[in-house]
Number of protein chains: 2
Amino acid sequence: MKKISRPTPTAEGLQLDVARDEFVTQWGSIGSAWGINRTMAQIHALLIITSGPLTTDEVMEELKISRGNAHTNLRELVGWGLVRSVIRKGERKEYFEAEKDVWKMFCIIVRERKRREIRPAINVLKDCIDRADGLKSPDAVAFTKQTKALCEFMEMADGVLSKVVRSEQSSIVPWALKFLK
Amino acid sequence: MKKISRPTPTAEGLQLDVARDEFVTQWGSIGSAWGINRTMAQIHALLIITSGPLTTDEVMEELKISRGNAHTNLRELVGWGLVRSVIRKGERKEYFEAEKDVWKMFCIIVRERKRREIRPAINVLKDCIDRADGLKSPDAVAFTKQTKALCEFMEMADGVLSKVVRSEQSSIVPWALKFLK
DNA sequence: TTGTATTTTCAGTATTTAATGAAAACATAA
DNA sequence: TTATGTTTTCATTAAATACTGAAAATACAA
């Protein structure tokens, strides 16, 4: 295994390293507030601020984590579509690089969350509505009314997000924004 | 402690109970996918589909959870503003009821997440930018560029959400929607 | 083939997060 | 005041989640 080569640390270099560490660490805690595994968020952060693609070993080294951990979370990120694997010809190692365009990142995350979380939630709501729909008691009527309201709201949100994300370009939202208040 | 009175279960009543249970349970798992404590989401779900306000004991009974757990999560929900406590005159017990209007719920959640998560994230980014800004190396320039892009995006998102939520009325988003694509 | 580099898996362990339940604190009525 | 109902706290325990590291599987070159 090749040792990662590093330039002799200069004052500037150290300052940058501090900023990068801060970014990676904090992105990790922000991620976990949003229900994302801390390590996954940190790897993502690391790849976002690294110009070239990195190998699993380099990620392990940078974040001081085990191979299994690095491997699993890199795969997860590839699964989300936030990171792609790159194979350099003549080399056997797999490299990983993040999508860096912020708007594209946003679109990917929105699409995945729609698919993984919003859609299932809507299905659950529909299921509950079906079970209670037609029941006559006041309780049942109230229940149906409330779940229907929730369901309609989520479908609306789902639709808005679809449209926002459809164009895949960032100018539309700021533009539409002019019309809001 | 007074036992909760319940009508004799009918076929319809049972069917409703199943639907309610399903809703509460599933809302719990949806919540945890979004970084919200499962019990907190379940209590919220329970209060949303219950017409009258409930006491801590009733919540404990319905969800089969301990007093401490019910207490803590009810307080947390009150802290978010999603649930308010109600005191009935002549009674010593505290009652809890949820905000039921879906649009209001949405506004509360957006405002709180902005405050608790988006704003702090923006501050972290600004801090990282400050540390690296002015450094001349190509790595530093790339780092600054990337973090600035992220920061600007999040500020934009913050602004959009502020406007969406400002009016506190649901008609604006569907209206603005017409302009999207 | 066989050897070597690399990736993947997963049982075991550690860490983090959430829940319990009983005691303490508090509030009100008698 | 004392008695009683109610809320709050918090040390302990339980459950969920994440991580490690080594072994197995895979891929490829010689």
Side-chain angles (χ1 to χ4, degrees), chain A residues 1-4 24-25 27-46 53-80 83-97 116, chain B residues 1-4 24-25 27-46 53-80 83-97 116:
Chain A
M1 190 199 305
K2 194 170 106 276
K3 191 76 183 62
I4 298 167
V24 170
T25 306
W27 205 250
S29 16
I30 290 163
S32 55
W34 287 85
I36 288 148
N37 173 291
R38 185 184 308 278
T39 304
M40 184 173 146
Q42 287 186 350
I43 295 178
H44 188 216
L46 174 64
L54 298 181
T55 63
T56 303
D57 289 272
E58 287 166 328
V59 171
M60 288 165 59
E61 160 84 14
E62 287 286 340
L63 303 181
K64 307 288 181 232
I65 58 177
S66 71
R67 180 173 307 284
N69 197 9
H71 174 80
T72 309
N73 284 293
L74 279 166
R75 285 282 153 248
E76 188 76 357
L77 283 164
V78 171
W80 273 73
V83 164
R84 47 186 164 269
S85 89
V86 182
I87 16 166
R88 291 176 167 170
K89 52 184 172 189
E91 285 198 63
R92 281 169 70 177
K93 272 204 172 74
E94 191 176 15
Y95 286 76
F96 298 92
E97 76 181 353
R116 295 170 188 230
Chain B
M1 190 201 301
K2 197 171 101 274
K3 192 75 182 61
I4 299 166
V24 169
T25 306
W27 204 249
S29 16
I30 290 163
S32 58
W34 287 86
I36 287 148
N37 174 291
R38 187 185 308 276
T39 303
M40 185 173 145
Q42 288 186 350
I43 295 178
H44 188 215
L46 175 63
L54 297 181
T55 62
T56 303
D57 289 272
E58 287 167 328
V59 171
M60 289 165 59
E61 160 85 12
E62 287 285 340
L63 304 180
K64 307 287 179 230
I65 58 177
S66 71
R67 180 173 308 283
N69 195 8
H71 175 79
T72 309
N73 285 291
L74 278 166
R75 285 279 153 252
E76 189 76 357
L77 283 164
V78 171
W80 273 73
V83 164
R84 46 187 166 270
S85 89
V86 183
I87 13 163
R88 291 175 165 171
K89 52 185 171 187
E91 285 198 64
R92 282 166 72 174
K93 273 200 171 75
E94 193 176 12
Y95 286 77
F96 298 93
E97 75 181 355
R116 296 171 186 225

I need the [atom1]-[atom2] distance between [X] and [N], as an integer number of Å.
X	N	atom1	atom2	result
B/Glu76	C/dA19	CD	P	12 Å
A/Ile87	C/dT6	CD1	C1'	13 Å
A/Lys89	D/dA27	NZ	P	22 Å
A/Arg75	C/dT8	CZ	C1'	9 Å
B/Met60	C/dA18	CE	P	20 Å
A/Glu91	C/dT7	CD	C1'	16 Å
B/Asn73	C/dA19	CG	P	6 Å
A/Ile43	D/dA18	CD1	P	13 Å

Under 6.0 Å from the ring centre and within 45 degrees of the ring axis: does the NZ or CZ of B/Arg84 meet both conditions for the six-membered ring of B/Phe96?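 Negative - B/Arg84 is either too far from the ring of B/Phe96 or too far off its axis.
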Output yes when a side-chain donor or acceptor of [X] lies under 3.5 Å from a complementary backbone atom of [Y], and no otherwise.
X	Y	answer
A/Asn69	A/Ile65	no
A/Glu62	A/Val59	no
B/Glu91	B/Arg88	no

Would you call B/Arg75 and B/Glu94 a salt bridge, taking side-chain N to carboxylate O under 4.0 Å as the test?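 Judged by the 4.0 Å cut-off on N to carboxylate O distance, B/Arg75 and B/Glu94 do form a salt bridge.
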Output the distance between atom [atom1] ([X]) and atom [atom2] ([Y]), rounded to the nearest 0.5 Å.
X	Y	atom1	atom2	value
B/Thr39	B/Glu76	OG1	CD	11.5 Å
B/Leu74	B/Met60	CG	CE	10.5 Å
A/Gln42	A/Ser32	CD	OG	9.0 Å

Using five pairs at each end of the helix from C/dT1-D/dA30 to C/dA30-D/dT1 to define an axis, what is the angle between those two axes, to 10°?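 Answer for the end axes of this duplex: 10°.
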Within the 4.0 Å limit for protein heavy atoms, which parts of nucleotides 20-27 of chain C are touched? Write it as a string from 5' to 3', B for base, S for sugar-phosphate only, - for none. BB-----B
Over all atoms of both residues, closest heavy-atom pair of A/Glu97 and A/Pro53: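 Looks like CB-CB, 3.9 Å.
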List the atom of B/Thr56, the atom of B/His71, and the distance in Å for their closest heavy-atom pair.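 Between these two residues, the closest heavy atoms are CG2-N, 4.4 Å.
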Please list residues of residues 32-42 of chain A whose heavy atoms come under 4.0 Å from any atom in DNA chain D, ordered by number; otherwise none.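 Per residue number, the list reads A/Asn37, A/Thr39.
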Run the side chain to side chain contact (heavy atoms under 4.5 Å, CB included) test on B/Trp27 and B/Arg38 for me, step by step, so that the C-alpha distance in whole Å, both residues' side-chain angles and the decisive distance to 0.1 Å come before the verdict. CA-CA 8 Å; B/Trp27 204 249; B/Arg38 187 185 308 276; over 6 Å; no
Using OP1 and OP2 only, check whether a side-chain N or O of A/His71 sits under 4.0 Å from C/dT7.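 Answer no for this pair, as no side-chain N or O of A/His71 is under 4.0 Å from OP1 or OP2.
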